[in-house]
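Single-structure report; data block below.
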Protein chains: 2
Amino acid sequence: MAGNDHPELKLRLTLRGGEWLGPGKADLLEGIAETGSISAAGKRMKMSYKRAWGLVEVLNGMFREPLVTSSRGGAGHGGAELTETGHAVLRLYRQMQANAVSATEAEIAELMQLTDIPDRK
Amino acid sequence: MAGNDHPELKLRLTLRGGEWLGPGKADLLEGIAETGSISAAGKRMKMSYKRAWGLVEVLNGMFREPLVTSSRGGAGHGGAELTETGHAVLRLYRQMQANAVSATEAEIAELMQLTDIPDRK
DNA sequence: CGCCGTTATCTCCGTCAGGACATAACGGAA
DNA sequence: TTCCGTTATGTCCTGACGGAGATAACGGCG
């Protein structure tokens with residue numbers, strides 16, 4: 001019951017100068033996939049709609065095909081969802097994350113031994 | 001010309017909330033090790049001395065033992081160098097980076113295939 | 001002693017990412 | 001036609017980050 005977040009490893013993949021994929025955009029994609037809405041996904045991450053929408057715009061511009069499609073009005077009063085490419089990107093990022101964590105476990109453990117977290121008793 | 005940096009993977013290891021080790025601090029440590037000076041290392045990265053010094057202070061507070069020792073005046077007119085712990089942290093981070101890159105090569109390649117970089121003929 | 005280059009601090013300022021808020025468009029449903 | 005919740009897009013503002021520059025301390029050396 002340490003309550004420790006466990007040291008966390010975050011990845012940022014820079015595709016081109018100024019364009020990158022990191023934890024924030026990945027979480028947003030996941031949120032959109034789960035909520036079906038940009039605003040709901042943004043709210044869940046406690047970011048403004050404006051920012052969430054901006055990130056989606058950037059994401060859509062980074063790849064050949066858009067990662068998110070959205071619609072206004074209509075039956076469900078509008079919404080958004082991931083395209084096939086969107087799902088693929090999210091899955092690949094998560095896979096990268098998992099692979100990276102397991103490939104660096106040893107070094108992370110060593111680094112943690114050098115930190116102050118003394119296990120307090 | 002292509003001039004492409006090749007996609008680059010950056011790691012950020014969060015030890016505790018608000019305390020993390022990333023590419024910036026690692027490069028700074030490396031710079032201090034090579035130049036023997038906080039200001040020179042900072043200048044090399046085009047950051048102000050104030051910022052470089054602040055990062056060093058944070059780094060020293062993140063681990064049980066300081067990573068950087070510094071001295072004013074004296075024979076060499078002052079300077080800084082990495083402690084044994086400092087060298088260890090830098091080495092471990094570089095190792096993490098290398099391991100993570102090779103562990104995610106496949107996914108990175110797949111992601112790049114989805115990007116716009118079309119080789120422009 | 002006075003010189004020198006670095007560390008160590010401080011204060012002032014410009015920049016800018018991002019939040020808060022306002023507005024409009026959309027389009028099926030009631 | 002009105003209602004609704006979401007997308008889409010703008011303006012205004014604040015707060016934090018970090019640079020620029022000044023100042024002082026340090027401590028061997030000449």
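The sequence lines fix the lettering, A, B, ..., with proteins before strands; numbering per chain opens at 1.
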**Integer-rounded Å distance: dG18(C) P and Tyr49(A) OH** =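 One finds 17 Å between P of dG18(C) and OH of Tyr49(A), rounded.
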(Q) Whole angstroms only, please: what is the CE-P distance between Met45(A) and dG19(C)? (A)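 In whole Å, dG19(C) P lies 10 Å from Met45(A) CE.
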Scan Gly74(B) against the nucleic acid and name what it touches under 4.0 Å (heavy atoms): base, sugar-phosphate only, or nothing.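 Counting heavy atoms under 4.0 Å across all strands, the contact made by Gly74(B) includes a base.
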**Touch class at under 4.0 angstrom, heavy-atom based, for Gly73(A) against every strand present** =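 Base, at least one base atom sits under 4.0 Å.
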- Item | 4.5 Å side-chain heavy-atom contact, Gln97(B) and Leu9(B) |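 Side-chain contact under 4.5 Å: no.
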*Given Arg94(B), Arg91(B), Arg44(B), the one that forms salt bridge (charged side-chain N to carboxylate O under 4.0 Å, His left out) with Glu30(B)*: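 Exactly one pass, corresponding to Arg94(B).
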| said: Side chain of Lys50(A) only, heavy atoms from C-beta on: which candidate in dT7(C), dA20(C), dG28(C) is closest? | reply: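 Looking only at side-chain atoms, Lys50(A) lies closest to dA20(C).
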Check your understanding: Does anyone know the first and last nucleotide of DNA chain D in reach of chain A, 5' to 3', at under 4.0 angstrom to a heavy atom?
Key ->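 Using the under 4.0 Å cut-off, the span is dC4(D) to dT11(D).
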Can a salt bridge be assigned to the pair Glu8(B) and Arg12(A) using a cut-off of 4.0 Å between side-chain N and carboxylate O?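 No.
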Taking Thr104(B)'s backbone N and O only, do any of them form a donor-acceptor pair with Asn99(A)'s side chain (distance below 3.5 Å, no angle check)?
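Side chain of Asn99(A) to backbone of Thr104(B), a donor-acceptor pair under 3.5 Å: no, none is there.
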- Message: Check whether Thr14(A) reaches the backbone of Trp20(A) with its side chain - one donor and one acceptor, N or O, closer than 3.5 Å.
- Response: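 Not confirmed, Thr14(A) side chain does not pair with Trp20(A) backbone.
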message = Quick check on DNA chain C: between Arg51(A) and His77(A), whose nearest nucleotide comes earlier from the 5' end?
response =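 On the 5' side of the pair lies Arg51(A).
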Q) Taking for each residue the nucleotide of DNA chain D bearing the nearest heavy atom, is the 5' side occupied by Glu57(A) or by Lys43(A)? A)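 Nearest-nucleotide comparison on DNA chain D picks Lys43(A).
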Handout entry: Pair Ser37(B), Ser39(B): side-chain N/O donor-acceptor within cut-off below 3.5 Å
Key =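 Checked: Ser37(B)/Ser39(B) side chains pair up, N/O donor to acceptor below 3.5 Å.
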